[in-house]
Amino acid sequence: MLAVSALDLAALLCSRVCHDVISPVGAIVNGLEVLEDEDAPDMREVALDLIAKSARQASARLQFTRLAFGAAGSARATLDLGDAEQVVRGMMDDARTKIEWMMPRELLPKNRVKLLLNLMLLAGMTVPRGGVIQVAPVGTGPEMGFSIAATGVSARIPQTVTPLLDGIAPEGGLDAHAVQPFYAGMLARDCGLSLGFSQDGETVTLSALPV
């Protein structure tokens, strides 16, 4: 199992957050440049629409990553699953992907909620063309686990993800792309949960169950 220093982990997670928000922020800049171009007055409405859409997207991604990767209070803090649902819907629920949230509205230890958010990202990776992602609790209370079923055309289990969840780095080492599933595995071990993938036709199920 790969040992990563706190400094390297922090740097990689910061890079991941920057990667997530650079696209919509760049689109906002492009829209502003169009507005400043006096030779393209007919593009003003298009530019304003691009800016508004990109600003909402950037805000949704920042709110999600604040909970999924951020400190979120003290080591013993709890997070509201209702807040988790809100950021998941803002980040993932769109024309291509429908979220079916079946989790109760209650407080859980923060690392369990952070794990759930990171697993939702992984579930989204299993349906690259969109689909339905259903998330349900396994058990109740602070020891709750999760079951996430993603159904869609061309559903698949990414081959590179499972070793990362187990703490095994790719040959080229960790980068901003690989750090997210690696971090999810760290969270699962901290919570005493075992992660598993299974596939049945066009449905991939990701589970986080007590060891």
Side-chain angles (χ1 to χ4, degrees), residues 4 7-37 39-40 42-72 83-99 101 113-133 135 148 150-161 164-165 169-170 172-187 204 206:
V4 180
L7 287 175
D8 285 343
L9 181 63
L12 287 167
L13 289 175
C14 286
S15 294
R16 170 59 194 249
V17 173
C18 292
H19 177 272
D20 285 347
V21 299
I22 194 64
S23 178
V25 170
I28 293 171
V29 172
N30 291 338
L32 291 172
E33 289 176 350
V34 172
L35 288 180
E36 293 172 352
D37 186 355
D39 295 329
D42 56 324
M43 294 296 292
R44 181 177 178 83
E45 185 174 343
V46 174
L48 288 172
D49 182 66
L50 174 64
I51 291 170
K53 180 179 178 181
S54 299
R56 288 192 297 268
Q57 188 178 60
S59 176
R61 292 186 181 187
L62 284 171
Q63 290 182 57
F64 183 96
T65 54
R66 181 179 67 86
L67 287 187
F69 305 138
D83 292 338
E85 177 184 8
Q86 184 177 13
V87 298
V88 165
R89 291 195 182 280
M91 174 87 163
M92 303 178 67
D93 202 338
D94 55 27
R96 295 175 62 251
T97 304
K98 177 178 175 57
I99 303 297
W101 188 269
V113 178
K114 287 159 67 72
L115 173 61
L116 175 59
L117 295 178
N118 277 272
L119 296 184
M120 291 298 293
L121 286 179
L122 296 180
M125 293 171 56
T126 68
V127 282
R129 297 174 62 181
V132 177
I133 300 178
V135 53
I148 305 172
T151 302
V153 177
S154 301
R156 58 178 176 80
I157 300 173
Q159 294 182 349
T160 58
V161 167
L164 287 166
L165 292 174
L174 283 179
D175 56 21
H177 178 72
V179 72
Q180 189 271 318
F182 182 84
Y183 182 60
M186 293 180 66
L187 288 169
V204 173
L206 176 54

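Along the sequence shown, the residues carry numbers beginning at 1.
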(message) Using every non-hydrogen atom in the two residues, find where P181 and V161 come nearest and quote the distance to one decimal.
(response) CB-CG1, 4.2 Å
Could you pull out every donor-acceptor pair under 3.5 Å between side chains of residues 44-53 and any protein atom, sequence neighbours left out?
none

(request) Output all residues satisfying side-chain contact (heavy atoms from CB on, under 4.5 Å) with P170, sequence neighbours left out; order by chain, then residue number. (result) L164, L174, A178
(message) If I compare all heavy atoms of L116 with all of W101, which pair ends up nearest, and what's the gap?
(response) CD2-CH2, 3.7 Å
(request) Indicate the atoms forming the closest heavy-atom contact of V21 with A58, along with that distance. (result) CG1-O, 4.5 Å
(request) List for me each residue that meets salt bridge (charged side-chain N to carboxylate O under 4.0 Å, His left out) alongside R16, sequence neighbours excluded, and say none if there are none. (result) D20
(request) Please list, chain by chain and in numerical order, all residues satisfying salt bridge (charged side-chain N to carboxylate O under 4.0 Å, His left out) with R89, sequence neighbours excluded. (result) E85, D93
(request) Locate the shortest heavy-atom distance separating S15 from A176; write the atom from each residue and the value. (result) CB-CB, 3.7 Å
(message) Distance check, rounded to the nearest 0.5 Å: M186 atom CE versus L9 atom CG?
(response) 5.0 Å
(message) Test of understanding: with side-chain contact (heavy atoms from CB on, under 4.5 Å), list the residues that count as partners of A155, not counting sequence neighbours.
(response) V127, Q199, V204
(request) Under the side chain to side chain donor-acceptor pair (under 3.5 Å) rule, collect the residues that match up with Q86, sequence neighbours excluded. (result) none
(message) Using every non-hydrogen atom in the two residues, find where R61 and P24 come nearest and quote the distance to one decimal.
(response) NH1-CD, 3.7 Å
